[in-house]
Colleague: 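Starting off with a structure, shown below.
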Amino acid sequence: MTDVTPYVVLSAILFSIGAVGVLTRRNAIVVFMCVELMLNACNLAFVAFAKQHGNLDGQVAAFFVMVVAAAEVVVGLAIIMTIFRTRRSASVDDASLLKY
Amino acid sequence: MTAFWILAPVMVVCALGILVVRKAVHAALLLATVMISLAVLYAVLEAPFLFVVQIIVYTGAILMLFLFVVMLVGVDASDSLVETIRGQRSAAVVAGIALGALLLVGVAQLSLGTTVGLEEANAGGNIEGLADLLFSRYVLVFEVTAALLITAALGAMVLAHRERASAKPGQAELAAQRVRDFGTKGAHLGPLPAPGVYARHNAVDTPALLPDGTPAETSVSQTLAARGTIRHAPDLADDIEDVQRALGGPAGGAGTPADTSAGSGHNTENPSTGNATGAGGPGASGTTGTGTDEEAHR
């Protein structure tokens with residue numbers, strides 16, 4: 001029986017990379033992709049732990065994460081498109097009206 | 001484990017690539033690589049249903065939606081590497097490394113014990129097992145998910161819908177507005193200048209030249225300008241000697257480099273020379289004339 005620790009380690013690495021991407025990238029679409037990367041890293045941990053514990057609850061959780069991610073992407077991309085339509089920019093720095 | 005040790009470095013490299021690539025399309029393709037690799041890992045981890053869902057829903061639907069929006073929004077200049085908050089990028093990298101170290105130390109402190117494996121749980125089939133769970137213990141979550149999906153669909157429709165505040169202006173109103181702009185602001189009355197037509201390039205990304213040799217910015221699409229994929233018009237004429245040498249001897253009178261720099265203005269004054277010199281004259285076209293006419297109006 002193989003150990004699932006490497007999968008969890010990979011999941012942690014991918015999650016950290018996604019977090020750095022959210023903090024550093026400026027294009028809203030790429031920021032969104034990094035959020036997706038973090039969600040996927042969580043899914044990997046869920047599936048790995050499902051195998052570790054020998055039941056399917058982890059896989060069901062990963063399935064729900066995918067559903068929520070799909071809903072989130074649809075609304076988020078619609079918001080990005082609306083912002084782009086009014087400001088002609090997809091940069092997260094340009095949507096700073098609340099700051100002033 | 002072989003699949004894991006092959007795919008894990010690929011995934012980490014691609015994920016790091018998302019952090020550094022400039023174009024959103026490249027980031028999307030790198031993310032697709034990560035997601036397909038993840039799907040293979042799911043298959044290795046005895047989750048055949050999630051393997052298929054990962055490919056169909058994530059790579060097939062979500063990522064294509066990303067690409068769709070990237071195409072719609074256009075690749076604008078927001079990928080700049082200039083920091084707006086000083087030190088933010090290095091601070092974020094340090095924070096990310098700290099987070100990764102925290103998670104790794106946490107994982108290292110775990111003693112997971114022996115892996116049970118899914119042979120027993122998957123005995124009646126993985127999909128049947130998932131369905132049993134979904135429609136018994138997680139049925140309430142499943143229903144809430146349905147509500148969430150409907151809300152998301154409605155939200156996307158509301159956000160993407162654009163209500164017109166006033167009636168759409170017709171041709172007569174647009175023409176009247178143009179003349180009014182010409183009278184008040186001196187805006188050009190005619191259509192925008194067409195892109196440049198040269199001996200070897202007549203694509204839409206080649207700007208027309210003004211009489212002083214500068215490219216007319218309005219002659220190319222704004223989207224191309226935002227993407228930074230506009231050809232540099234004077235460069236098109238720089239290698240005219242090489243081309244003539246390759247063709248064997250001088251091809252026309254207007255082909256000398258000294259003439260090329262001022263060529264567009266010269267040729268627009270009497271367009272017939274453009275035809276006479278044939279392929280030698282860059283910018284010998286009616287298109288450039290449109291650009292110069294606009295300048296003359298101003």
Side-chain angles (χ1 to χ4, degrees), chain A residues 1-10 12-21 23-27 29-30 32-34 36-37 40 43-44 47-48 50-57 59-60 62-64 66-71 73-75 77-82 84 89-91 93, chain B residues 1 4 8 11-12 15-16 18-19 24 27-28 31 34-35 38 41-42 45-47 50 53 57-58 61-62 65-66 69-70 72-73 76 78-80 84 89 92-93 95-96 99-100 103-104 107 112 114-118 120-121 129-130 133-134 138 141 145 148-149 152 155-156 159-160:
Chain A
M1 192 67 12
T2 54
D3 192 17
V4 298
T5 314
Y7 292 94
V8 183
V9 170
L10 176 65
I13 293 173
L14 288 180
F15 189 89
S16 314
I17 293 174
V20 173
L23 290 176
T24 53
R25 293 307 300 254
R26 314 270 289 293
N27 190 332
I29 301 174
V30 182
F32 239 68
M33 289 181 197
C34 291
E36 291 303 310
L37 185 65
N40 268 297
N43 271 353
L44 181 62
V47 176
K51 176 163 177 164
Q52 168 71 29
H53 293 293
N55 59 34
L56 291 173
D57 294 70
Q59 295 191 13
V60 173
F63 177 69
F64 282 125
M66 283 185 189
V67 174
V68 173
V73 161
V74 166
V75 176
L77 288 181
I79 291 175
I80 290 176
M81 277 198 56
T82 316
F84 182 81
S89 164
S91 171
D93 288 336
Chain B
M1 275 323 259
F4 177 83
M11 287 165 71
V12 172
L16 286 173
I18 298 175
L19 299 188
L31 191 61
V34 174
M35 284 178 174
L38 266 177
L41 289 191
Y42 291 165
L45 287 170
E46 298 171 65
L50 286 180
V53 169
V57 173
Y58 253 117
I62 295 185
L65 197 64
F66 267 113
V69 171
V70 168
L72 265 181
V73 162
D76 63 352
S78 64
D79 303 336
S80 73
T84 40
R89 186 159 296 148
V93 170
L99 172 68
L103 289 173
L104 290 182
V107 171
L112 287 174
T114 52
T115 307
V116 179
L118 286 171
E120 201 181 323
L130 282 178
L133 276 178
L134 268 185
Y138 293 103
V141 188
T145 304
L148 174 75
L149 282 176
L159 282 171

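To find a chain, count down the sequence lines: A is the first, B the second, and so on, and within it residues start at 1.
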Colleague: Are the side chains of B:Phe66 and A:Glu36 in touch, meaning some heavy atoms are under 4.5 Å apart?
Modeller: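 A side-chain contact exists here, since the closest heavy-atom pair is under 4.5 Å.
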Colleague: Is the shortest heavy-atom distance from the side chain of B:Tyr58 to the side chain of A:Asn43 under 4.5 Å?
Modeller: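 In short, these two side chains touch, coming nearer than 4.5 Å.
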Colleague: In terms of heavy-atom proximity below 4.5 Å to chain B, should A:Ala19 be classed as side chain, backbone, both, or neither?
Modeller: side chain
Colleague: With chain B as the partner, which of A:Ala50, A:Pro6, A:Ala71, A:Ala70 has the greatest number of non-hydrogen pairs under 4.5 Å?
Modeller: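 Option with the top pair count is A:Pro6.
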Colleague: Who among B:Val53, B:Leu130, B:Val107 has the most heavy-atom pairs with chain A under 4.5 Å?
Modeller: B:Leu130
Colleague: So which part of A:Asn55 gets closer than 4.5 Å to some heavy atom of chain B, the side chain, the backbone, both or neither?
Modeller: backbone
Colleague: Identify which of B:Leu148, B:Leu133, B:Val93, B:Val12 forms the greatest number of heavy-atom pairs closer than 4.5 Å to chain A.
Modeller: B:Leu133
Colleague: Could you have a look at A:Leu77, A:Ile80, A:Thr5, A:Val68 and say which one has the most heavy-atom pairs with chain B under 4.5 angstrom?
Modeller: A:Leu77
Colleague: Against chain A, label B:Ala61 side chain, backbone, both or neither, depending on which of its atoms sit under 4.5 Å from a heavy atom there.
Modeller: neither
Colleague: Do B:Phe4 and A:Leu10 have side chains that get closer than 4.5 Å, going by heavy atoms?
Modeller: yes
Colleague: Most heavy-atom pairs under 4.5 angstrom with chain B, which of A:Val8, A:Leu14, A:Asn40, A:Val60?
Modeller: A:Asn40
Colleague: Sort B:Leu16 into side chain, backbone, both or neither according to what part of it lies under 4.5 angstrom from a heavy atom of chain A.
Modeller: both
Colleague: Go through the atoms of A:Phe64 and report whether side chain, backbone, both or neither lie under 4.5 Å from a heavy atom of chain B.
Modeller: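 Only the side chain of A:Phe64 comes within 4.5 Å of chain B.
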Colleague: For A:Ile79, which atoms come within 4.5 Å of any heavy atom of chain B: side chain, backbone, both, or neither?
Modeller: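 Both backbone and side chain.
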Colleague: What option among B:Val57, B:Leu65, B:Val34 has the most heavy-atom pairs under 4.5 Å with chain A?
Modeller: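 Greatest number of close heavy-atom pairs with chain A: B:Leu65.
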Colleague: Quick one: are B:Leu50 and B:Leu45 in side-chain contact, heavy atoms under 4.5 Å?
Modeller: no
Colleague: Considering non-hydrogen atoms only, spot the tightest contact between B:Ile18 and B:Ala27 and give its length.
Modeller: CG1-O, 4.0 Å
Colleague: Side chains of A:Met81 and B:Leu159: does their closest heavy-atom pair fall under 4.5 Å?
Modeller: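 The answer is no, as the side chains (C-beta and beyond) never meet within the 4.5 Å cut-off.
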Colleague: In terms of side-chain heavy atoms, does B:Tyr42 have a donor or acceptor partner in A:Gln59 at a distance below 3.5 Å?
Modeller: no
Colleague: Nearest 0.5 Å please: distance from the CG atom of B:Leu72 over to the CZ atom of A:Phe84.
Modeller: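 If we round to the nearest 0.5 Å, B:Leu72:CG and A:Phe84:CZ are 9.0 Å apart.
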Colleague: Which answer fits B:Met35, side chain, backbone, both or neither, if we ask what part of it has an atom under 4.5 Å from a heavy atom of chain A?
Modeller: side chain
Colleague: What option among A:Leu37, A:Leu44, A:Val9 has the most heavy-atom pairs under 4.5 Å with chain B?
Modeller: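 The option with the most such pairs is A:Leu44.
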Colleague: Let me know if A:Thr82 has heavy atoms under 4.5 Å from chain B in its side chain, its backbone, both or neither.
Modeller: side chain
Colleague: Counting heavy-atom pairs closer than 4.5 Å to chain B, which one of A:Thr24, A:Leu23, A:Asp57 comes out on top?
Modeller: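 Top count of heavy-atom pairs under 4.5 Å with chain B: A:Asp57.
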Colleague: Can you measure from CG (B:Leu99) to CD1 (A:Ile13) and round to the nearest 0.5 angstrom?
Modeller: 12.0 Å
Colleague: To the nearest 0.5 Å, what is the distance between CD1 on B:Ile62 and CZ on A:Phe32?
Modeller: 10.5 Å
Colleague: Taking all heavy atoms of A:Ser16 and all of B:Gly100, pick out the closest pair and write down the distance.
Modeller: OG-CA, 3.0 Å
Colleague: Non-hydrogen atoms of chain B under 4.5 Å away: do they reach the side chain of A:Leu56, the backbone, both or neither?
Modeller: both
